[in-house]
4 protein chains.
Amino acid sequence: MATETDTDVDTDTSPDTGTGIRADAARPRAQRPRADALRNRERIVSAAREMFVESGPEVPLDEIARRAGVGNATLYRHFPDRTELVRHVVVSVMSRAADRARAAIAEEADPFDALRRFVHAAADERIGALCPMLADGFDKEHPELLAERERLEGAVDSLMRRARRAGRLRDDVAVGDLLVALSQLTRPLPGSACMNFDQFVHRHLQLFLDGLEAPARSALPGTPATWEGLRRES
Amino acid sequence: MATETDTDVDTDTSPDTGTGIRADAARPRAQRPRADALRNRERIVSAAREMFVESGPEVPLDEIARRAGVGNATLYRHFPDRTELVRHVVVSVMSRAADRARAAIAEEADPFDALRRFVHAAADERIGALCPMLADGFDKEHPELLAERERLEGAVDSLMRRARRAGRLRDDVAVGDLLVALSQLTRPLPGSACMNFDQFVHRHLQLFLDGLEAPARSALPGTPATWEGLRRES
Amino acid sequence: MATETDTDVDTDTSPDTGTGIRADAARPRAQRPRADALRNRERIVSAAREMFVESGPEVPLDEIARRAGVGNATLYRHFPDRTELVRHVVVSVMSRAADRARAAIAEEADPFDALRRFVHAAADERIGALCPMLADGFDKEHPELLAERERLEGAVDSLMRRARRAGRLRDDVAVGDLLVALSQLTRPLPGSACMNFDQFVHRHLQLFLDGLEAPARSALPGTPATWEGLRRES
Amino acid sequence: MATETDTDVDTDTSPDTGTGIRADAARPRAQRPRADALRNRERIVSAAREMFVESGPEVPLDEIARRAGVGNATLYRHFPDRTELVRHVVVSVMSRAADRARAAIAEEADPFDALRRFVHAAADERIGALCPMLADGFDKEHPELLAERERLEGAVDSLMRRARRAGRLRDDVAVGDLLVALSQLTRPLPGSACMNFDQFVHRHLQLFLDGLEAPARSALPGTPATWEGLRRES
DNA sequence: TATGAATGAGGGTTCATTCAT
DNA sequence: TATGAATGAACCCTCATTCAT
């Protein structure tokens with residue numbers, strides 16, 4: 001495992017916080033963020049992730065604030081509008097998924113097993129909450145997002161290249177195919193805190209993974225998917 | 001093709017309208033439905049399907065009315081509340097998908113090719129719009145729905161049995177697995193009239209189909225999915 | 001009984017239709033109203049009276065049409081807008097109340113008993129439905145109304161004069177006092193088809209009648225009430 | 001005056017605010033109600049009382065908000081739906097009426113004069129606004145209401161018992177008869193800010209009071225009225 | 001800073017009235 | 001003529017966002 005060289009991600013699995021605010025928190029700044037402010041911030045992102053998953057992306061922000069145990073205005077202090085909050089949740093999920101990918105690389109001997117492990121782990125991390133990324137009006141190029149996305153795509157790309165080199169992954173799929181399909185298959189059902197759903201999701205992921213395995217059983221139409229490719233032309 | 005007997009659906013491909021109001025329209029009744037009223041009704045369902053796909057199931061009903069070219073109150077005359085309209089769209093989509101399944105059975109010689117054809121055709125029919133069925137608060141047992149659902153599931157079940165008997169479909173998947181995953185993979189992205197998305201969707205469907213093909217490349221966790229299985233326990 | 005002369009109303013109790021359209025119906029006109037049109041008209045007024053009493057004066061006109069067993073547009077053919085319908089109901093109620101007053105004069109030997117009888121009979125005729133007359137925006141001077149109002153007021157005035165001459169009715173009350181208070185005390189409770197209410201109403205009317213009886217037990221403030229006196233100055 | 005003992009209400013006339021929120025405002029609580037919020041709340045109730053009287057209980061809530069000088073959503077923050085607002089107005093009116101009853105007991109020497117004074121004072125307090133209590137769909141048993149109703153009925157009952165013991169009030173009337181008839185006679189005329197109406201109302205009240213006076217001039221039909229007796233049987 | 005309160009814009013729905021069969 | 005259907009204006013209510021404590 002992890003015998004490759006140059007292009008591979010480093011497999012350091014040092015625990016990222018997964019909040020996407022690491023850098024800011026670590027670096028001392030002019031107005032040092034108070035400890036309770038930081039805690040509030042994390043509680044808000046965390047509550048938002050849960051509620052987006054449970055109740056859909058249209059959930060009232062007041063509900064998120066209540067779940068987080070803060071006043072609504074506190075939420076607005078940290079995230080001036082809804083899109084900011086959504087972006088931070090997306091970044092947070094990406095970060096955690098990237099961590100899982102790295103862990104899979106580091107700890108799984110068989111490259112395709114590593115891929116399988118990542119896919120199921122990403123589902124547990126609610127990677128389906130990334131679906132807003134695909135939606136209209138979301139700034140897919142926001143700097144804060146780009147960094148984390150590269151980290152995630154880098155890690156997944158690494159997973160895929162390893163599997164491909166081992167002859168276990170078909171040649172005609174790219175990192176975007178995996179991530180988009182993965183998001184869709186695990187995309188939460190609005191309004192339902194549906195416990196049963198998870199179990200089905202893992203079945204579908206398993207079927208999808210079987211379809212990814214080499215040798216390819218059919219020719220794929222079109223070209224590999226990427227986030228950028230999803231831009232509308234209108 | 002269609003050499004099976006008893007349990008199979010009849011493969012009559014007489015063109016259903018797919019609107020789910022066929023019966024009512026055809027049968028003369030006490031209060032004859034006016035011609036223009038019927039036309040309005042279909043235009044509303046059609047506009048709703050498009051807008052649900054393009055903009056998500058939360059689209060303002062006024063927008064649907066505008067798109068349909070009628071006043072908002074006309075929409076309410078036909079569908080007293082949002083859930084009614086959603087249900088009719090779901091029924092309509094199911095009906096068209098069932099038609100596609102039957103056509104695939106009737107016209108494709110190879111059973112797995114028939115399955116493939118259905119899956120891609122269902123995507124074109126926007127079967128992803130069935131996702132509200134999975135959401136909370138949707139009456140999955142409404143009589144009008146049940147009838148059409150049985151027709152769809154019957155047809156898809158037939159497709160799958162044929163493929164399975166021909167040794168082309170793995171044994172451990174049920175009709176619910178296919179339909180739920182199919183809905184998820186083709187589920188529209190709210191707010192994006194994303195032309196590019198379709199092309200990726202067909203890639204993912206192809207991958208998923210490859211995973212469905214026999215022989216199974218892995219063991220599936222859990223039990224086969226069904227709409228009923230998605231009920232919450234709360 | 002009915003021994004008075006000049007100023008008294010004639011006590012002919014020939015059965016008025018009470019619809020307030022007698023005159024029109026009897027006199028042949030250019031476009032003779034068809035029999036079914038007349039029947040519809042009466043059914044509408046009748047349904048309206050019932051529903052105003054049961055459900056308040058804001059009841060949807062469609063409901064009235066349904067209760068009358070006609071289409072909504074038929075209602076509008078007969079009564080171009082709500083105020084017209086209300087006026088016809090008011091006229092109808094006035095007419096029936098006037099009939100009751102005349103009958104009381106003709107059939108009751110004791111003048112105060114005649115007054116009592118009228119008051120309770122008017123309650124049964126839902127004279128409380130006259131309350132819209134008191135409300136803003138109602139044309140109290142509409143010709144069609146004036147005629148019937150004079151008939152009612154004439155009859156009630158006669159009742160009161162008889163009682164007063166017999167020394168049974170206090171001197172300081174006028175016909176308006178009686179009719180306005182009577183309307184208020186019998187005014188229906190919106191939204192309640194309250195069977196119990198009637199029984200209380202007759203108690204209160206009885207108390208009010210006792211207050212009307214001579215000799216007066218107190219001095220009344222202000223001046224006698226009339227419909228005209230209720231005009232707003234704004 | 002107030003020579004009776006045990007069962008009588010205490011005749012403390014300390015000025016209640018009559019808003020029905022006294023207790024909450026006085027007692028310091030966990031979430032201290034802000035001063036301006038309290039002021040807004042009272043302004044809303046006050047505006048609502050005025051507009052219910054002027055324009056009927058169907059007035060648009062937006063108008064009430066405008067009259068109160070607040071945004072519409074502020075109204076909804078304080079009173080989640082129309083029924084809540086109506087109930088608070090009813091409670092407020094009851095409270096003020098009860099205060100007037102107590103004051104009459106305390107300050108009038110003659111028991112029947114006390115009753116007269118209360119009746120006219122209650123009219124000035126717009127006790128006719130209690131009519132929604134009689135209407136369908138109003139929760140007559142709401143706890144907040146029950147307390148104030150008991151206070152009102154207790155005070156009025158005391159007034160009546162005193163008058164009865166003094167031989168001034170007929171024996172066959174109960175507190176419900178007085179309050180229901182009083183509500184009806186003073187019931188506002190929808191849509192009319194009718195200044196003249198008040199003057200007539202006091203005449204009618206005077207007549208009604210004369211009917212209440214002993215000795216009874218007639219036998220009353222039925223049984224004494226109560227709020228409970230007005231429940232529908234459906 | 002954290003918060004409860006306030007707000008205006010917008011969506012859902014009803015209903016008086018008009019239109020077309 | 002009688003009617004079902006269509007319509008827009010108005011109302012109720014919610015929620016993202018701003019304000020004031």
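Proteins come first, then strands; the chains are lettered A, B, ... in the order of their sequence lines, and each starts at number 1.
No side-chain donor-acceptor contact under 3.5 Å links A:Arg66 to the backbone of A:Gly71. A:Arg187 places no side-chain N or O within 3.5 Å of a backbone atom of A:Leu130 that could act as its donor or acceptor partner.
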Audit row: B:Arg39, B:Asp36, side-chain contact (heavy atoms from CB on, under 4.5 Å) steps and yes/no:
CA-CA 5 Å; B:Arg39 196 173 50 250; B:Asp36 58 343; 3.5 Å; yes

Run A:Ile44 and A:Arg41 through side-chain contact (heavy atoms from CB on, under 4.5 Å) and show every step you take.
CA-CA 5 Å; A:Ile44 290 169; A:Arg41 195 182 175 85; 5.8 Å; no

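Taking the side chain as every heavy atom from C-beta outward, B:Val86 and B:Phe138 approach each other to under 4.5 Å. The closest side-chain heavy-atom distance from B:Glu54 to B:Arg49 is not below 4.5 Å.
For the pair B:Leu61 CG and E:dG11 P, the interatomic distance rounds to 10 Å; values are reported in whole Å. Between A:Leu38 atom CG and E:dA2 atom P there is a gap of 10 Å when expressed in whole angstrom units. With rounding to whole Å, B:Asn40 atom CG is found 12 Å from F:dG4 atom C1'. Going from atom CD1 of C:Ile64 over to atom C1' of E:dT17 covers 14 Å, rounded to whole Å. Nucleotide F:dT14 holds its P atom 16 Å from the CD atom of B:Glu58, rounded to whole Å. Atom P of nucleotide F:dA16 and atom CZ of A:Arg66 are separated by 12 Å, given to the nearest angstrom. Atom C1' of nucleotide E:dA6 and atom CG of A:Asp62 are separated by 12 Å, given to the nearest angstrom. With rounding to whole Å, D:Leu85 atom CG is found 11 Å from F:dC12 atom P.
The salt bridge (Lys or Arg N to Asp or Glu O under 4.0 Å) test applied to D:Arg87 returns D:Glu84, D:Glu144, not counting sequence neighbours.
The nearest heavy atom of DNA chain E to A:Gly69 and to C:Asp81 marks one nucleotide each, and the one closer to the 5' end goes with A:Gly69. Two residues, C:Val70 and A:Glu63, neighbour DNA chain F, and the one matched to the more 5' nucleotide by heavy-atom proximity is C:Val70.
Annotation for C:Leu145 and C:Lys140: closest pair CD2-O, 3.5 Å, computed over non-hydrogen atoms. The two residues D:Gly69 and D:Arg43 have their closest heavy-atom pair at CA-NH2, 4.0 Å.
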Its dot-bracket string being built from Watson-Crick and G-U pairs below 3.5 Å, with | for another strand and [ ] for crossing, DNA chain F has the pattern .||||||||||||||||||||

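Remark: C:Asn72, C:Ala73, C:Tyr76 in residues 71-80 of chain C come within less than 4.0 Å of DNA chain E through at least one heavy atom.
Residue A:Arg82 has no polar side-chain atom (N or O) positioned under 4.0 Å from OP1 or OP2 of F:dT17.
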